[in-house]
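Note that the numbering runs from 1 along the sequence shown for the chain.
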Amino acid sequence: MMRITIKSNKPLNEVRGAKRDIYEVLYRMKIAQDANFEQIKTDIRAIKGVSIVSTVPKSKEDYATYEKIVYRIKFVPYQTPLKDFLFNLESSFRQLSKYGMMGFARVGAPSKKES
């Protein structure tokens with residue numbers, strides 16, 4: 001067993017001097033009917049900075065081969081400019097096509113929730 005020693009009294013999630021602003025953004029996603037919805041949400045949560053992924057109530061629209069659903073995503077961009085964070089987030093979304101994501105569109109601008 002390997003032991004790792006960290007010589008710091010500061011919590012690990014604290015970045016010195018970094019702003020920890022929380023933002024929320026909505027995305028309408030087009031997902032295949034046979035997609036693994038839980039895997040898609042899990043992979044979105046795994047994106048660095050993303051903290052919460054939830055479905056907006058009553059946003060689901062069913063079609064023959066796909067569904068449209070709005071996800072609320074809360075994130076902390078840390079020291080990344082907001083525009084760059086969103087670009088990286090959307091680049092990560094494109095990789096979810098292997099799980100059945102067919103497309104996505106941002107719904108409105110991100111909003112700052114807390115500091």
Side-chain angles (χ1 to χ4, degrees):
M1 182 161 136
M2 188 165 88
R3 181 171 292 182
I4 298 172
T5 305
I6 299 170
K7 297 182 180 188
S8 172
N9 293 332
K10 296 187 186 322
L12 290 178
N13 61 350
E14 296 288 322
V15 178
R16 179 176 284 170
K19 292 173 80 177
R20 284 170 289 284
D21 296 330
I22 298 173
Y23 289 85
E24 178 180 287
V25 65
L26 300 178
Y27 279 93
R28 177 171 284 111
M29 301 196 177
K30 182 177 176 182
I31 302 173
Q33 283 283 9
D34 60 352
N36 185 337
F37 289 89
E38 286 308 309
Q39 184 65 50
I40 289 172
K41 282 175 42 174
T42 298
D43 280 17
I44 293 171
R45 282 186 198 104
I47 298 168
K48 185 177 185 221
V50 172
S51 56
I52 298 173
V53 178
S54 58
T55 306
V56 173
K58 300 180 183 175
S59 68
K60 187 174 162 186
E61 300 173 29
D62 283 310
Y63 297 91
T65 58
Y66 64 91
E67 293 179 4
K68 283 187 178 177
I69 195 160
V70 177
Y71 286 114
R72 174 179 288 114
I73 299 173
K74 291 189 179 183
F75 63 92
V76 179
Y78 295 104
Q79 296 172 320
T80 305
L82 193 55
K83 179 180 168 190
D84 295 341
F85 184 90
L86 292 172
F87 177 82
N88 294 337
L89 183 67
E90 292 173 6
S91 294
S92 297
F93 288 169
R94 287 183 187 89
Q95 296 172 18
L96 296 177
S97 61
K98 61 187 168 202
Y99 297 118
M101 181 171 314
M102 301 166 75
F104 60 89
R106 194 176 324 146
V107 180
S111 59
K112 191 171 176 180
K113 290 295 159 193
E114 323 166 9
S115 290

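- Screening residues 40-70 for ring pair (Phe, Tyr, Trp, His ring centres under 6.0 Å) gives Tyr63-Tyr66 as the qualifying pairs, with residues at least two apart or on separate chains.
- To the nearest 0.5 Å, atoms CD1 (Ile31) and CD1 (Ile40) are separated by 4.5 Å.
- At least one side-chain heavy atom of Ile44 sits under 4.5 Å from a side-chain heavy atom of Leu96.
- Looking only at distances, no side-chain donor or acceptor of Arg28 sits under 3.5 Å from a matching main-chain atom of Lys68.
- Every residue meeting the side chain to side chain donor-acceptor pair (under 3.5 Å) condition with Gln39, not counting sequence neighbours, appears here in chain and number order: Asp43.
- Among residues two or more places apart in sequence or in another chain, the side chain to side chain donor-acceptor pair (under 3.5 Å) test is passed with Tyr27 by Glu90, Arg106.
- Between Phe104 and Phe93, the two ring planes are perpendicular [angle over 60°; tilted spans 30° to 60°].
- Residues passing the salt bridge (charged side-chain N to carboxylate O under 4.0 Å, His left out) test with Arg72, sequence neighbours excluded: Glu24.
- A heavy-atom distance below 4.5 Å is found between the side chains of Leu86 and Phe75.
- If you take CE on Met29 and OG1 on Thr55, they are separated by 10.0 Å, rounding to the nearest 0.5 Å.
- Phe85 is not listed as a side-chain neighbour of Val76, based on a closest heavy-atom distance of 4.5 Å or more.
- Membership of the apolar cluster around Val107 extends to Leu26, Val56, Val70, as traced through chained side-chain contacts below 4.5 Å between ILVMFWY residues.
- Atom CD1 of Ile52 sits about 9.5 Å away from atom CZ of Arg45, to the nearest 0.5 Å.
- Residue pairs meeting the side-chain hydrogen bond (donor to acceptor under 3.5 Å, both in side chains) criterion with at least one partner in residues 95-105, sequence neighbours excluded, do not occur; the list is empty.
- The salt bridge (charged side-chain N to carboxylate O under 4.0 Å, His left out) test applied to Lys60 returns Glu67, not counting sequence neighbours.
- With sequence neighbours left out, Ala32 forms a side-chain contact (heavy atoms from CB on, under 4.5 Å) with Asp34, Ala35, Met102.
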